[in-house]
Amino acid sequence: MENIEFPPRYEATSVESKWYQAWDDANLFSPSDDTTKPSYCITIPPPNITGSLHMGHALCYPLQDVLGRFQRMQGKRVLILPGQDHAGIATQSVVEKQLRKEGSSGAELGREKFVERVWQWRGESGDTILTQLKALGCAFDWSRLRFTLDDHYANTVLQVFIDWYNKGHIYRGKRVVNWDPKLKTSVSDIETLRETRKGHLYHIRYDFTDGTGSVVIATTRPETMLADIAVAVHPSDKRYEGKIGKMLRLPLVGREIPLVSDLYPDPEFGTGAVKITPAHDPNDYEVGVRHNLAMPVVLDLSARISAEWNREFEPELASSVEKYEGMDRYEARKQIVKDLEECGALVEIVDHEIPIILSDRSGEVIEPLLSEQWFARQGELAKPVIEAVQQDEITFHPARYKDIFLAWMESIRDWNISRQLWWGHRIPAYYTEENELFVALTWEEAQKQAGSKKIVRQDTDVLDTWFSSGMWPFVTLGWPEQSEDMNSFYPTSILITDRNIINLWVARMLMMGYDLVGAKPFSQVIIYATVLREDGRRMSKSLGTGIDPMDVINTLGADALRWTLLSQTGENQDLRYSEKKTEEARNFCNKIWNATRFVLMNVDGIPAKPTELETVDKWLLSRLVHTEKEVKQAYERFDLQAACQALYRFFWSEVCDWYIEISKSRLYNDEQKATPQWVLLTAFEAFIKMLHPIMPFITEELYKYLPIEGKREFVMSADWPVLPADLNQPEAEQEIESVFAATRALRALRAELDLKPMQQVASVYFEGDLKGNEAIVSSQAWVQNLIHGKPNGRFVSATSGGIDLHIGVEGLIDLAKVLESITRDLAKSTDEEAKLAARLDNPQFVERAKPEVIERDRATLAELKARIEKLEARQALLGA
RNA sequence: GGGCGAUUAGCUCAAUGGUAGAGCAUCUCGUUUACACCGAGAGGGUUGGGGGUUCGAGCCCCUCAUCGCCCA
């Protein structure tokens with residue numbers, strides 16, 4: 001073996017850079033042609049074209065890669081289909097920002113030019129993240145790369161819109177939506193953030209028109225009073241008994257509004273009376289609908305006061321509102337509070353924590369605004385999904401998300417699918433001069449439908465990005481065509497995503513899958529942990545608290561990064577990323593590298609399978625069998641934390657710390673070396689395969705060098721290890737572990753005597769049965785002669801299991817440490833003995849505990865007693 | 001306000017109701033032909049507080065506290 005190829009330090013970056021291309025060249029990313037194999041498919045959550053890799057991605061996509069690689073090794077026909085989302089708002093704002101820098105704007109360019117510009121931007125920098133996914137080692141089938149604005153995809157989205165419209169699933173209506181006054185579009189809940197800010201609660205008096213007193217309402221948003229249409233109180237509220245239905249005079253405006261009874265107001269809060277502004281508050285909107293109230297709008301799309309509504313519907317009152325026209329909502333608030341104070345309607349102002357909603361994209365405070373939007377009905381579509389989840393046809397991991405999901409689905413609301421943007425799927429709705437609506441794929445078809453009426457414009461809105469991504473698992477596979485991929489891979493196997501978009505995305509895919517395809521899109525939903533910083537704070541680009549995974553990959557390697565995140569992945573809700581852990585993972589890579597290097601230095605060709613095995617060989621192979629079982633089960637239940645733990649323990653502690661050390665003497669002996677060579681290669685081959693899904697690069701590199709039979713060209717396309725059941729040898733395991741325990745006890749005794757590690761001791765005596773494993777003890781505890789019996793003269797001892805080990809001490813050496821250790825050990829043993837004896841003396845314990853527990857406790861007690869006797873004897877000997 | 005999760009060694013996390021473990025960090029020792037990105041040894045815990053169930057609770061139940069997330 002050449003040292004140039006195999007330096008003593010593992011260089012991740014040079015190894016990692018070559019393998020991705022090699023896999024691609026060998027066409028390993030596409031599903032195998034063998035259609036008799038069972039399929040396994042994941043359509044990855046499409047990252048935004050604006051996205052660049054963050055730590056969440058570095059967990060999410062490798063997690064899918066792990067499952068794909070694992071299933072491929074299990075003999076499945078695996079397809080992991082990658083793609084990207086056009087991400088309406090995100091992309092549009094990125095390009096807008098760029099235009100602003102150039103002194104231009106979308107408005108200046110106009111719709112057509114702007115959209116062209118976005119396509120240009122996508123061409124230039126839209127696929128950054130795809131390159132990064134490759135750097136992470138994700139074995140995705142790039143030949144099937146999809147984009148939500150590809151021709152086929154876009155046409156399908158429009159066709160679904162048309163079909164749903166024709167079926168009555170989609171309608172146009174007025175609703176209160178989350179309005180971003182800066183971006184001038186409605187946004188979905190996921191594109192908003194909630195915060196609490198210090199503000200004020202304003203108490204305002206509304207007088208009854210008949211002069212019989214007044215009602216005081218409390219509001220955090222006095223400026224919206226211009227659009228008040230009622231005051232509501234709870235029916236149980238005694239304070240307003242007999243007053244329901246009476247009219248109040250709205251201060252400043254002069255409008256007469258009724259006092260209504262509704263379950264919405266909380267009688268405990270303030271005066272129990274709330275002003276109802278249906279156009280500017282979602283709860284008020286519901287009240288407005290229940291009471292059939294008018295819905296005056298007093299803010300325009302920039303959140304400035306507008307008198308438009310009044311001019312149209314209450315011209316006689318318009319002048320009172322016009323005073324504020326054009327004022328920004330906050331400016332208007334000041335002025336209105338001042339005017340209320342002047343007219344004596346302001347009762348008091350108190351400090352109050354007010355909840356606000358921010359637009360994730362622009363940072364602007366969201367204005368709930370009544371506006372005309374397109375909606376998709378959800379109630380009917382939700383039914384089959386709810387049923388399937390209830391009956392566990394679709395399962396969640398962790399399982400707790402099932403109930404959370406169901407609770408949301410059962411109270412699902414209609415979905416606002418229109419966005420006032422240019423980048424996206426433009427709604428295929430066309431209008432005549434008389435505003436008559438025709439929904440059709442093209443202008444021409446709409447015109448055909450319209451007959452003699454003339455189509456003059458197309459709807460300017462685009463569809464919510466989630467409307468298109470809701471069809472991701474099947475449109476990417478070719479639906480609505482009965483494509484081969486649809487036949488082979490739908491329903492897909494699993495969906496892995498972030499808990500934040502369970503309702504917004506997962507729910508929609510499920511509903512669309514059942515309704516459009518007639519079958520569920522996937523059977524399992526896996527929710528992965530949120531990656532936090534080391535200190536538990538969120539990683540956020542805007543706060544500058546993010547860590548760029550690419551930096552980590554370039555220094556410590558993709559394998560190390562994958563291990564760091566995956567080894568912390570179980571059913572936990574969050575995980576903390578620390579670069580220190582990645583250094584540990586890098587160290588693990590180095591350990592694997594060097595251990596393999598050692599094996600390769602000590603083998604020559606493929607060793608024959610031995611006929612005779614020593615106990616320690618049986619021990620390692622038995623540990624291997626258990627590890628394989630553990631790792632496989634852990635992968636199957638998505639518990640990568642457990643898989644990593646089992647792999648780490650097996651390799652570092654069992655293979656490296658014990659087996660390699662023990663087998664060195666045999667490896668250096670030509671007569672004996674074949675057996676440990678075979679055992680090592682068997683263990684390494686299996687280990688490298690089992691590790692491969694998590695660390696694809698280093699395992700691929702090392703697999704190349706292993707002299708083993710039936711080797712494939714790539715470990716990536718190798719089969720999962722098959723280990724004969726007879727390798728499981730519990731007796732050998734037990735025997736060897738007790739020998740290790742004795743070795744450890746002897747090493748500890750040596751340390752107490754200040755004997756340097758690895759400094760040979762001439763003679764150590766032992767009592768008890770080492771069952772022929774004396775060589776292990778003597779080589780691993782650095783003893784020249786291990787002799788059965790007791791030494792002459794003074795000696796000190798250690799005990800482990802049934803084995804006593806003695807080291808002779810001559811002259812006046814300092815035995816303080818030994819004595820100290822004995823005293824400590826004695827105290828601990830006595831304490832344990834007392835506890836155990838007390839338990840066994842308890843008749844209820846003996847009566848009710850499981851027999852095997854009692855049995856074990858009795859045995860332990862006997863051992864403790866013997867140990868205490870020995871310790872006391874030794875103490876007496878040294879103390880004398 | 002409602003729901004979910006977390007709280008275990010200095011740190012990050014494990015532990016089918018049966019003597020609480022690992023890695024890192026700390027301390028001591030060690031250049032040994034795979035690896036100092038290494039090896040040997042050691043110390044370190046009232047499992048957030050308080051109740052309860054049980055022969056037995058980190059684990060089950062109640063309650064409180066703190067932190068995080070989701071929904072309103």
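The sequence lines fix the lettering, A, B, ..., with proteins before strands; numbering per chain opens at 1. Just so we're clear, the structure is a prediction, and the values are computed from it rather than from any experiment.
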* Go through rG41(B), rC13(B), rC24(B) for me and flag the one nearest to the Arg576(A) side chain. => rC13(B)
* Donor-acceptor pair present, Lys756(A) side chain and rC29(B) base, under 3.5 Å -> no
* Using purine N1 to pyrimidine N3 plus N6-O4 or O6-N4 for Watson-Crick, or N1-O2 and O6-N3 for G-U wobble, both under 3.5 Å, which nucleotide pairs with rG5(B)? -> rC67(B)
* Would you say the side-chain atoms of Arg499(A) and Thr530(A) include a donor-acceptor pair closer than 3.5 Å? -> yes
* Sugar-phosphate only, base, or nothing, as touched by Thr596(A) at under 4.0 Å among non-hydrogen atoms -> nothing
* Round to the nearest Å and state the distance from Lys581(A) atom NZ to rC11(B) atom P. => 13 Å
* To do: Describe the nucleic acid contact of Lys664(A) in one word from base, sugar-phosphate, nothing, applying a heavy-atom distance below 4.0 Å.
  => base
* Interatomic distance, Ile527(A) CD1 vs rC69(B) C1' [rounded to whole Å] -> 13 Å
* Asked: NA contact type, Cys589(A), heavy-atom cut-off 4.0 Å: base, sugar-phosphate, or nothing?
  -> nothing
* To do: Tell me which nucleotide among rG18(B), rC24(B), rC69(B) gets nearest to the side chain of Phe845(A).
  => rG18(B)
* Asked: Under 4.0 angstrom, heavy atoms only, what part of the nucleic acid is Lys835(A) near: base, sugar-phosphate, or nothing?
  -> nothing
* Hey, what's the ring geometry for Trp563(A) with Phe588(A), parallel, tilted or perpendicular (30° and 60° as the breaks)? -> tilted
* To do: Please determine, for the side chain of Pro757(A), which listed nucleotide (rG30(B), rU19(B), rC70(B)) has the closest atom?
  => rG30(B)
* Asked: Are Lys835(A) and Asp857(A) close enough, and set up right, to give a salt bridge (charged side-chain N to carboxylate O under 4.0 Å, His left out), and what steps lead you there?
  -> CA-CA 11 Å; Lys835(A) 270 191 217 162; Asp857(A) 281 356; over 6 Å; no
* To do: Consider the side chain of Pro8(A), meaning its heavy atoms from C-beta on, and name the nucleotide among rA40(B), rU12(B), rC35(B) that approaches it most closely.
  => rC35(B)
* To do: Mind checking Glu832(A) for me? I need base, sugar-phosphate or nothing, with any heavy atom below 4.0 Å counting as a touch.
  => base
* Asked: Between Arg9(A) and rC37(B), does any side-chain N or O lie under 4.0 Å from OP1 or OP2?
  -> yes
* Asked: In the structure shown, which nucleotide is the Watson-Crick or G-U wobble counterpart of rG10(B), with both distances under 3.5 Å?
  -> rC24(B)
* Asked: What does Ala849(A) touch in the nucleic acid at a heavy-atom separation under 4.0 angstrom: a base, only the sugar-phosphate, or nothing?
  -> base
* Classify the side-chain pair Gln780(A)/Thr743(A) by whether it contains a donor and acceptor separated by less than 3.5 Å. => no
* Asked: Tell me: CD of Glu852(A) to P of rG56(B), nearest whole Å?
  -> 18 Å
* Rounded to the nearest Å, what distance is computed from the CD atom of residue Gln759(A) to the C1' atom of nucleotide rG30(B)? -> 11 Å
* Looking only at atom P, what distance separates rG51(B) and rG17(B), rounded to whole Å? -> 24 Å
* Assign each of Tyr10(A) and Arg413(A) to its nearest nucleotide of RNA chain B by heavy atoms, then name whichever residue's nucleotide is nearer the 5' end. => Tyr10(A)
* To do: Considering just the side-chain nitrogens and oxygens of Trp652(A), establish if one lies under 4.0 Å of OP1 or OP2 belonging to rC24(B).
  => no
* **Pairwise P distance, rC60(B) and rU16(B) [rounded to whole Å]** => 11 Å
* Structure fact -> When rounded to whole Å, the CG to P distance for the pair Asp574(A) and rC67(B) reads 15 Å
* P atoms of rG43(B) and rG3(B), separation to the nearest Å -> 46 Å
* **Options rG39(B), rC35(B), rC37(B), nucleotide nearest the side-chain atoms of Asn587(A)** => rC37(B)
* Asked: Within the structure shown, what part of the strands sits under 4.0 Å from Tyr668(A) by heavy-atom distance: base, sugar-phosphate, or nothing?
  -> sugar-phosphate
* Name the nucleic acid region contacted by Phe588(A), choosing base, sugar-phosphate or nothing; use a 4.0 angstrom heavy-atom cut-off, strictly under. => nothing
* Does the side chain of Asn594(A) get closer than 4.0 angstrom to OP1 or OP2 of rC38(B) through an N or O atom? -> no
* To do: Using a cut-off of strictly less than 4.0 Å, decide whether Arg824(A) has a side-chain nitrogen or oxygen near OP1 or OP2 of rG43(B).
  => yes
* Give one of base, sugar-phosphate or nothing for Asp657(A), where a contact means two heavy atoms less than 4.0 Å apart. => sugar-phosphate
* Whole angstrom is fine here: how far is it from CD in Glu579(A) over to C1' in rU12(B)? => 16 Å
* Asked: Does one side chain, of Arg666(A) or Asn669(A), offer a donor that lies under 3.5 Å from an acceptor on the other?
  -> no
* **Nucleotide of rC69(B), rA40(B), rC37(B) approaching Gln573(A) most closely (side-chain heavy atoms)** => rC69(B)
* To do: Using the P atom as the reference point in each nucleotide, state the distance between rG56(B) and rC67(B) in Å, no decimals.
  => 35 Å
* To do: Identify the nucleotide, in any strand shown, that forms a Watson-Crick or G-U wobble pair with rU47(B), with both distances under 3.5 Å; if there is none, say none.
  => none
* Asked: When the C1' atoms of rG52(B) and rA14(B) are considered, how many whole Å apart are they?
  -> 28 Å
* Asked: Under 3.5 Å, is there an N or O donor on one side and an acceptor on the other linking the side chain of Gln568(A) and the base of rA14(B)?
  -> no
* Take the angle between the ring planes of Trp658(A) and Phe740(A) and call it parallel below 30°, perpendicular above 60°, tilted in between. => parallel
* rA36(B) P sits how many Å from Lys591(A) NZ, rounded? -> 10 Å
* Can the positive tip of Lys664(A) be found less than 6.0 Å from the middle of the six-membered ring of Phe598(A), inside 45° of the ring normal? -> yes
* Between Glu820(A) (CD) and rC27(B) (C1'), how many Å, whole number? -> 14 Å
* Looking at every strand, decide which applies to Arg744(A) at a 4.0 Å heavy-atom threshold: base, sugar-phosphate, or nothing. => sugar-phosphate
* Sugar-phosphate, base or nothing in reach of Arg400(A), heavy atoms under 4.0 Å -> sugar-phosphate
* Ring centroid separation for Phe651(A) and Tyr659(A), is it under 6.0 angstrom? -> no
* Asked: Now, which nucleotide makes the Watson-Crick or G-U wobble pair with rC38(B), with each of the two distances under 3.5 Å?
  -> rG30(B)
* Return the orientation label for the Phe396(A) and Phe405(A) ring planes: parallel under 30°, perpendicular over 60°, tilted otherwise. => tilted
* Asked: Counting any heavy atom closer than 4.0 Å, what does Gln641(A) reach on the DNA or RNA strands: base, sugar-phosphate only, or nothing?
  -> sugar-phosphate
* Asked: What interatomic distance, in whole Å, is found between P of rU47(B) and the corresponding atom of rA42(B)?
  -> 24 Å
* Choose from rG39(B), rC4(B), rC69(B) the nucleotide whose nearest atom is closest to any side-chain atom of Ile404(A). => rC4(B)
* Nearest-Å distance once atom P is located in both rG50(B) and rC59(B) -> 13 Å
* Asked: Considering only the P atoms, how many Å lie between rC70(B) and rC27(B), rounded to the nearest integer?
  -> 41 Å
* Identified pairing partner of rG58(B), criterion: Watson-Crick or G-U wobble below 3.5 Å -> none
* Using a cut-off of less than 4.0 Å, is there contact between a side-chain N or O of Arg538(A) and OP1 or OP2 of rC69(B)? -> yes
